[in-house]
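Right, one structure below, let's go through it.
Only this structure's heavy atoms are used, side chains among them; waters, hydrogens and symmetry mates stay out.
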Amino acid sequence: MKIFHTADWHLGKLVQGIYMTEDQRLVLAQFLKAIDEEKPDVVIIAGDLYDRAVPPSDAVNLLNDILADIVLKHQTPVLSIAGNHDSPGRLNFGSNIMKETGLHIVGQLTKELTSVTINDDYGEVEFHLVPYMDPSQVRFIMEDETITSHQLAMKKIVEEIELQMDSTKRHVLVGHAFVTPQGQEEENTSESERPLAIGGAEYVDASLFKNFHYTALGHLHQAHYVQNETIQYAGSPLKYSISEEHHKKGFLIVELDKEGNLKVEKRLLIPNRDMRTVEGYLTDILQHPTSEDYIFVKLLDDTPVLSPMEQIRTVYPNAMHVERKVFQSIGLGKAEEQRSRHKMDDFMLFESFYEEIRGQAPAEETKELFKGVLSGLMLEEREGGSGA
């Protein structure tokens, strides 16, 4: 069976005030061309189809066009789940009708877990669709008060799936989570992806997926495998922040043989505009050849520069950001502090701010209170209550 595995489209993404919709349309046109040429048996989209719970109309129209092309024109089944940026209710709407056409979208987790069976020349492959859900929601749905983390939530879901697994079939899990080799904390390689939990409780142990022939993951924007090639992130199809500057964007072509053995190939997508850093003195940068790329500029000038963005855009009309490079020889402590804070999540920033203002670390009761408020805001945003 030939599977196209993609994820994290983030349709409607806004980067430095610029909507990426047309750039997304161009790379997804390449994806459609690959479907036409390779003729996969199924397409997996492992979450974060949209960038926000209430996406702009252009993003909705683009997703509609792409899915209609895959399912109706190419007659290829699509299996998709909600990610942490998606509104589960919106994605779930009409799913019972759409699956008759070969479009299977699971926005909301239910106690009766969703699986889709697709046949090839060797028999049946069962795809288990596990949308992103907050552990508190999984705890309620599964009626299990012990579920207090993403690890315990995924463990419960996988155990329920395994109870029903037919050992004569090949099995693929589609999920959206932060999976690491032993469930240990790791740094996210993209600044554009928000954390799944507060206080470092978002990580899931890859060993949970040992009984699946393939695990197709979304959430992390850099394509890579976890522990072994049966557990893969496809990554996002475009760069969505300068932290992704060196990522190679594309999708995965996965082939499952009769016994469930894998062959995985990375297929690159070529963006209309690259996203990259340019560093130098302003006078030198203004001598560069004109480029339409999305540029983040680091100026080396140590004297004031008048209207730097306006000047830079005469050479790089799509320049997104200009900053003065911080030299290690000047103000080292302050520079290190700024870089450190840049990598902090919201909870860590709260702890740092509290300690700076009060002169002491917050008490455990205060931490738990802030975690509860922040978790509630994250859930409200995902459901579209904040309009963001």
Would you call Glu124-Arg170 a salt bridge at under 4.0 Å N-O?
no

Would you mind checking if Lys156 and Glu159 are paired as a salt bridge, meaning a charged N to carboxylate O distance below 4.0 Å?
no

Any salt bridge linking Asp301 with Arg324? Criterion: basic side-chain nitrogen under 4.0 Å from a carboxylate oxygen.
no

Between the main-chain N or O of Ala319 and the side-chain N or O of Arg313, is there a donor-acceptor pair closer than 3.5 Å?
yes

Between Phe209 and His171, is the ring centre distance below 6.0 Å?
no

Return yes when atom CD of Gln184 has more than 12 non-hydrogen atoms of other residues, nucleotides or ligands closer than 6.0 Å, and no otherwise.
yes

Can you find a heavy atom in the side chain of Gln232 that is under 4.5 Å from one in the side chain of Leu217?
no

Determine, step by step, whether Val172 and His128 satisfy the side-chain contact (heavy atoms from CB on, under 4.5 Å) criterion, reporting the C-alpha distance in whole Å, the side-chain angles of both residues, the deciding distance to 0.1 Å, and the verdict.
CA-CA 6 Å; Val172 174; His128 305 275; over 6 Å; no

Asp166, CG atom: more than 12 neighbouring heavy atoms under 6.0 Å
yes

Treating Ile, Leu, Val, Met, Phe, Trp and Tyr as nodes and any side-chain heavy-atom pair under 4.5 angstrom as an edge, say whether Phe127 and Met133 lie in one connected cluster.
no

Are the side chains of Leu299 and Pro308 in contact, using a 4.5 Å heavy-atom criterion?
yes

Within the side chain of Glu244, is there an N or O that forms a donor-acceptor pair under 3.5 Å with the backbone of Ser190?
no

Should Lys263 and Asp257 count as an ion pair when the cut-off is N to O under 4.0 Å?
no

Under 4.0 Å between a Lys/Arg side-chain N and an Asp/Glu carboxylate O for Glu265 and Arg267?
yes

Judged by atom type as modelled, is there a donor-acceptor pair below 3.5 Å linking the side chain of Ser243 to the main-chain atoms of Glu191?
yes

Less than 4.5 Å apart, side chain to side chain, heavy atoms only: is that true for Thr314 and Leu286?
yes

Are Met320 and Tyr19 connected in the hydrophobic side-chain network, where two residues link if heavy atoms are under 4.5 Å apart?
no

I'd like to check Ser291 versus Val315 (side-chain heavy atoms, cut-off strictly below 4.5 Å). Are they in contact?
no

Measure from the side-chain N and O atoms of Ser136 to the backbone N and O of Asp134, and report whether any donor-acceptor pair falls under 3.5 Å.
no

State whether Glu143 and Lys111 are salt-bridged, where the test is any N-O pair (Lys NZ or Arg NE/NH1/NH2 against Asp/Glu carboxylate O) under 4.0 Å.
yes

Please enumerate all residues that pass side chain to side chain contact (heavy atoms under 4.5 Å, CB included) together with Asp48, with sequence neighbours excluded.
Asp8, His10, Asn84, His85, Asp86, His176, Glu193

Are the ring centres of His224 and Tyr233 closer than 6.0 Å?
yes

Verify the neighbour count for atom NZ of Lys248: are there more than 12 heavy atoms of other residues, nucleotides or ligands below 6.0 Å?
no

If you apply the rule side chain to side chain donor-acceptor pair (under 3.5 Å), what do you find for Tyr240 with Gln24, and how did you get there?
CA-CA 11 Å; Tyr240 290 132; Gln24 292 166 331; 3.0 Å; yes

With Val106 as partner, the option from Leu129, Val130, Leu113 fulfilling side-chain contact (heavy atoms from CB on, under 4.5 Å) is Leu129

Flag yes if more than 12 heavy atoms outside Leu163 fall under 6.0 Å of its CG atom; otherwise flag no.
yes

With a 4.5 Å limit on heavy-atom distance, are the side chains of Tyr132 and Ile81 in contact?
no

In sequence, state the C-alpha distance, the side-chain angles, and the governing distance for Gln151 and Asp205, and then conclude on side chain to side chain donor-acceptor pair (under 3.5 Å).
CA-CA 7 Å; Gln151 166 70 12; Asp205 190 338; 4.9 Å; no

Any donor-acceptor N/O pair, Ser149 side chain to Leu152 backbone, under 3.5 Å
yes

Are any of the side-chain heavy atoms of Leu67 and Ile105 separated by less than 4.5 Å?
yes

So does Leu173 get a backbone contact from the side chain of Thr215, meaning a donor-acceptor N/O pair under 3.5 Å?
no

Distance-only, no hydrogens or angles: does the Arg139 side chain make a donor-acceptor pair with backbone N or O of Ile147 under 3.5 Å?
yes

So, Arg276 side chain and His246 main chain: donor-acceptor pair closer than 3.5 Å or not?
no

Within 6.0 Å of NZ in Lys155, more than 12 heavy atoms from elsewhere
no

In terms of heavy-atom contacts, does NZ of Lys169 have more than 12 from other residues, nucleotides or ligands at under 6.0 Å?
yes

With a 3.5 Å distance limit and no angle check, can you tell me whether His104 reaches the backbone of Val116 through a side-chain donor-acceptor pair?
no

Are Leu109 and Phe178 in one and the same hydrophobic cluster, where Ile, Leu, Val, Met, Phe, Trp and Tyr link if side-chain heavy atoms are under 4.5 Å apart?
yes

Side-chain touch Thr230/His213, heavy atoms, less than 4.5 angstrom
no

Taking Glu202 for the side chain and His150 for the main chain, is one N or O donor matched with an acceptor at less than 3.5 Å?
no

Any side-chain donor-acceptor pair under 3.5 Å between Ser236 and Lys249?
yes

Can you tell whether the side chains of Asp274 and Lys239 come within less than 4.0 Å, N to carboxylate O?
yes

Run Phe296 and Glu245 through side-chain contact (heavy atoms from CB on, under 4.5 Å) and show every step you take.
CA-CA 10 Å; Phe296 286 67; Glu245 178 177 11; over 6 Å; no

Pick from Leu103, Ile66, Leu79, Ile70: which one makes a side-chain contact (heavy atoms from CB on, under 4.5 Å) with Val43?
Ile70

Side-chain contact test, heavy atoms from C-beta onward, threshold under 4.5 Å: evaluate it for Pro237 versus Trp9 and give yes or no.
yes

